[in-house]
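Taking it in order: structure first as structure tokens, then the write-up.
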Amino acid sequence: MLRNDIAITPQLVAEHGLKPDEYERFKTLIGREPTITELGIVSAMWNEHCSYKSSRLHLKTLPTKAPWVIQGPGENAGVIDIGDGDAIIFKMESHNHPSFIEPYQGAATGVGGILRDVFTMGARPIAALNLLRFGSPDHPKTRHLVGGVVAGIGGYGNSFGVPTVGGSVNFHTRYDGNILVNAMAVGLARADEIFYAKATGVGRPIVYLGSKTGRDGIHGATMASAAFEANAEEKRPTVQVGDPFAEKLLLEACLEIMAKGCVIAIQDMGAAGLTSSAVEMGAKGNLGIELDLDKVPCREEGMTAYEMMLSESQERMLMVLDPDKEEEAEAVFRKWGLDFAVIGQTTDTLRFVVKHGGEVLADLPIKELGDEAPMYNRPHVPSPKLPVIAAEAVNAPIPAREALIKLIATPDLASKRWVWEQYDHIIQGNTVQTPGGDAAVVRIKDGPKGIALTTDVTQRYCEADPVEGGKQAVAEAWRNITAVGAKPLALTDNLNFGNPERPEYMGQLVGAIAGIGEACRALDFPIVSGNVSLYNETQGRGILPTPSIGGVGLIADVTKSASLPFKAEGEAVLILGETAGWLGQSVYLRDVCGREEGAPPPVDLAAERRNGDFVRELILSGEATAVHDLSDGGLAVALAEMAMASGIGATIDALPGNLPVHAFLFGEDQARYVVTVPSAKAGEVIAAAAKAGVPVTRLGTTGGDALRWPGEAPISIADLKGRHEAWLPDYMAGKV
Amino acid sequence: MKAAVVVFPGSNRDGDVARALSAAGASVSSAWHADTDLPAGTDLVVLPGGFSYGDYLRCGAIAGRAVIMDAVRAHAARGGLVLGICNGFQILCESGLLPGVLMRNADLHFVCRRQHLTVERNDTAFTKAYRQGQVIDVCIAHGEGNYVADPETLARIEGDGRVAFRYCDATGAHTAEANPNGSLNDIAGIYSETLNVLGMMPHPENLIDDLVGGTDGRGLFAGLAALAA
Amino acid sequence: MKARVIVTLKTGVLDPQGKAIEGALASLGVDGIASVRQGKVFDVELATADNASAEAALKQACEKLLANTVIENYRIETGV
Amino acid sequence: MKARVIVTLKTGVLDPQGKAIEGALASLGVDGIASVRQGKVFDVELATADNASAEAALKQACEKLLANTVIENYRIETGV
Ligand SMILES: Nc1ncnc2c1ncn2[C@@H]1O[C@H](COP(=O)(O)OP(=O)(O)O)[C@@H](O)[C@H]1O
Ligand SMILES: [Mg+2]
């Protein structure tokens with residue numbers, strides 16, 4: 001019988017985030033009252049963050065397989081085959097709540113955590129991306145949060161030495177009290193040298209590596225799943241501090257011992273640190289684990305077993321080593337100046353046993369900690385359908401040229417250069433397309449092949465219609481990858497939603513997953529890894545439902561990739577895909593008309609695929625000179641972006657007679673691209689598009705230093721660019 | 001040409017510079033911060049970019065006092081070539097091989113972007129492949145590149161023609177807007193008195209390839225590699 | 001008047017800088033240093049000569065900018 | 001024993017961080033701050049209990065590492 005010094009009261013149980021029935025379930029499982037250490041362990045394993053108890057049932061419906069998928073969800077990160085024996089390992093993860101409390105360290109440790117997930121599997125990180133959602137620019141905290149988060153992401157990634165090549169930044173008042181910081185890491189490994197968490201062999205040493213354990217983030221994992229209260233700031237001392245220097249050493253040391261064949265199983269210590277890493281290694285390998293906490297390298301004196309098991313100190317790993325190579329591995333870690341300690345062993349008991357000071361403080365059935373975690377089919381209601389807003393029903397309050405000038409400098413559409421110039425996006429020497437385009441392109445080794453990377457979601461569409469919004473997020477990622485000429489291969493998702501115990505928010509999650517799944521299936525774009533972040537809300541109101549998508553594509557020859565700047569004067573400007581002038585939930589409707597209304601644009605997945613496949617062929621055949629997909633702000637904004645990136649203007653010859661001008665220019669119909677081709681080729685390309693069933697129109701011609709369309713004065717590109725670039729730096733400097 | 005790239009804990013552009021040197025035809029080996037000697041026959045020592053020792057305390061401070069630095073100092077004293085890029089420049093200043101210090105960028109932000117430089121002289125081992133006054137387009141990626149020296153030191157550096165590169169705009173003009181970090185006199189790189197040690201903030205090693213930004217960095221490595229051993 | 005603000009990490013918060021310095025001092029042969037924690041100091045000139053209003057301004061400066069009160073403590077020394 | 005080392009920029013050396021802080025404080029509406037110079041503080045635990053040998057070790061630490069004496073001054077406070 002285990003000694004129990006601390007009575008487990010209902011209040012203590014509640015403080016650990018366990019519902020009474022969950023606690024009863026646990027007691028039945030172990031046949032007695034738990035110790036405080038055991039309560040800590042189960043609270044970490046059974047919280048939303050680790051157990052996915054609200055989402056698991058629905059996540060199972062997502063497509064995760066394809067011939068090129070080596071490892072789908074369930075490991076530290078997903079793995080896909082990109083040919084020639086190379087594999088890409090990637091995942092996205094949130095650090096929302098920690099970043100709200102301490103933006104620099106929260107974001108930094110978010111980046112650190114996701115990088116660790118990727119190199120734990122044997123990959124060297126070759127790219128990082130992020131997706132950030134902040135509150136209204138007018139909210140008193142927003143500026144501070146933007147500054148801190150961006151500095152934290154840069155501070156960690158730049159020092160670690162990974163190029164941060166892309167991302168997305170939006171603002172909305174529904175994130176005022178709960179920002180989103182989603183970080184994605186992408187690594188390269190040999191397909192036959194991938195490392196997994198599954199332990200094998202009885203009596204093998206379990207080794208602790210990396211930094212020492214402190215009292216950081218105790219209850220961090222629980223915090224990540226608990227709704228934010230107004231007094232959130234008082235929970236501060238649990239903040240974790242990142243040490244990118246230690247992580248860089250850990251990377252080099254891990255890759256070195258992996259290459260020497262020392263590693264049997266490896267798991268990074270992320271949320272719920274030692275607890276979840278040890279349990280996972282044992283459970284996956286059908287083995288028991290015995291830990292002796294007296295051996296754990298600690299940063300502070302007098303740490304209890306409870307604290308050690310729940311500490312979220314960063315830059316730590318757990319490994320099962322080949323006993324014959326233990327010395328060799330230790331020498332590598334010492335060389336890099338890292339801690340190395342054998343803290344336990346694998347057993348054949350299927351028990352998770354934790355000893356401290358010669359006493360057994362936890363003795364739990366290891367498989368059940370994971371397998372028997374609660375799983376809920378929570379009540380959910382679909383979001384009410386919103387009316388379709390006809391283009392004709394939206395009056396233009398200002399002339400179209402003024403609307404464009406305004407939109408290009410709104411928080412969501414303004415240039416994010418101020419952000420990505422703080423990220424080292426060129427280190428490693430393979431960034432073929434830097435931030436600022438549709439997708440980043442990163443060459444693999446010396447080429448010619450490369451990968452295309454993007455992060456996307458349009459949360460206002462998801463709020464209006466979670467299913468359509470989920471589809472759209474996947475479709476937009478697919479389109480961004482296609483727009484650079486790459487073939488979309490797989491994605492990672494990060495589902496950021498409100499309180500799942502509220503049927504309307506649960507309904508958003510369920511709807512978005514349905515939409516995502518449908519799009520993934522239609523586009524052959526499986527999900528190989530992901531993360532769920534629930535309870536994102538402040539004082540009862542959920543954030544906008546935000547299922548972030550991180551997409552990865554492959555291009556056989558990066559020299560053929562397309563980019564969005566216009567390349568020359570006198571080229572034909574084509575629009576591919578159908579323009580119906582959809583203004584519902586458009587940024588035009590929101591930021592020009594002041595209305596957040598209506599159904600979002602429907603996503604026709606067959607059209608997406610047909611149009612995208614055509615555009616990709618056009619790029620790879622070398623005919624397309626510039627390509628940009630259409631998203632927020634529609635055609636006018638896309639043309640403006642292509643012009644601003646090049647300094648070359650364009651003229652639209654004629655406006656359609658059947659649509660209001662503003663619906664034509666700012667409508668957000670999906671599955672569309674702007675493509676330029678040499679004028680002499682235009683006829684041929686239009687014929688080919690028609691033959692492929694892709695709607696195509698020649699809009700006009702590139703040239704001059706302004707954007708022009710009939711009936712309004714030209715819009716100077718230099719002027720547009722000045723406004724587009726100014727907003728964010730001015731905002732951060734407190735000037736706007 | 002035999003180049004040795006020194007690896008400190010936290011170096012992260014060691015691979016990038018080795019790649020640039022190899023592509024230029026140099027034979028490249030690496031040296032470990034704790035080694036007492038450089039690889040035999042080293043002609044050029046490279047201190048790469050990165051965040052040595054996390055750049056904690058001051059950038060380059062701890063690395064500047066690493067064991068290998070005695071060997072680097074001896075190599076420099078013999079007239080051997082030393083190139084410090086970014087963190088390497090910071091290390092050279094901290095180790096006393098170059099004068100001055102690199103402080104926080106004036107706007108306190110890390111900055112990664114394309115940057116034009118003027119090549120101030122082309123008669124050193126490092127810049128033979130360029131024209132004097134040539135404007136080259138490279139990139140920068142640093143948070144602490146703000147070169148500062150006391151007035152006498154600065155006057156001496158200028159007087160001796162020891163400024164290697166200056167920040168400028170695309171036309172070669174040295175304007176305040178073109179200076180990304182507040183460096184005195186737009187200094188992007190300086191030489192030692194005997195011109196065999198060069199420290200520079202920008203990253204020529206990341207501009208050796210048309211596909212990845214351009215090739216204006218190549219000249220530096222090509223010039224070095226072409227030197228007879 | 002002159003004042004000094006000293007900002008230090010709260011107990012228990014990881015100090016990667018201090019850790020790196022400890023290691024470097026040991027390898028430089030400086031003995032006897034058991035641990036180092038790094039903080040910041042701000043030497044401030046104030047327009048006022050009045051202690052109370054100086055303290056008030058400095059407290060505001062610390063809370064709003066100089067200290068990250070999530071992980072740091074600060075101390076104000078006026079009349080230095 | 002415990003000691004504190006304070007490292008500050010020499011007079012005349014430019015301090016971009018200090019300048020930026022001055023600007024930020026002004027824009028945050030913290031009034032009355034005429035100038036700010038930022039330095040570092042090191043809180044050190046020493047193995048020895050002897051003042052003289054502590055001072056010696058700390059002096060060595062400062063000269064060898066903690067201060068860049070080209071631009072910085074240091075002050076050692078033992079028995080804090
Ligand atoms: N947080 C960020 N980090 C890096 N790059 C960013 C970030 N936010 C935006 N960007 C870059 O700015 C460009 C425009 O972003 P966005 O408008 O979201 O593109 P798209 O509409 O094609 O998805 C992209 O290249 C993107 O990678
Ligand atoms: Mg796009």
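Per chain, numbering begins at 1; letters A, B, ... match sequence-line order.
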Write out the donor-acceptor pairs between chain B and chain C under 3.5 angstrom, atom names and distance to 0.1.
{"from": "B:L57", "atom 1": "N", "to": "C:Q17", "atom 2": "OE1", "distance (Å)": "3.3"}

For this session: Could you tell me which residues satisfy side-chain hydrogen bond (donor to acceptor under 3.5 Å, both in side chains) with B:D216, sequence neighbours excluded, listed by chain and number?
Result: none
Problem set entry | By side-chain hydrogen bond (donor to acceptor under 3.5 Å, both in side chains) - contacts of B:N181 (at least two apart) | B:H142, B:Y167, B:S183
Exercise. Is there any salt bridge (charged side-chain N to carboxylate O under 4.0 Å, His left out) pair reaching into residues 79-92 of chain B, and which pairs are they, with sequence neighbours excluded?
Worked result: none
Exercise. Closest approach of C:A20 and B:I62, non-hydrogen atoms and distance?
Worked result: O-CD1, 3.9 Å
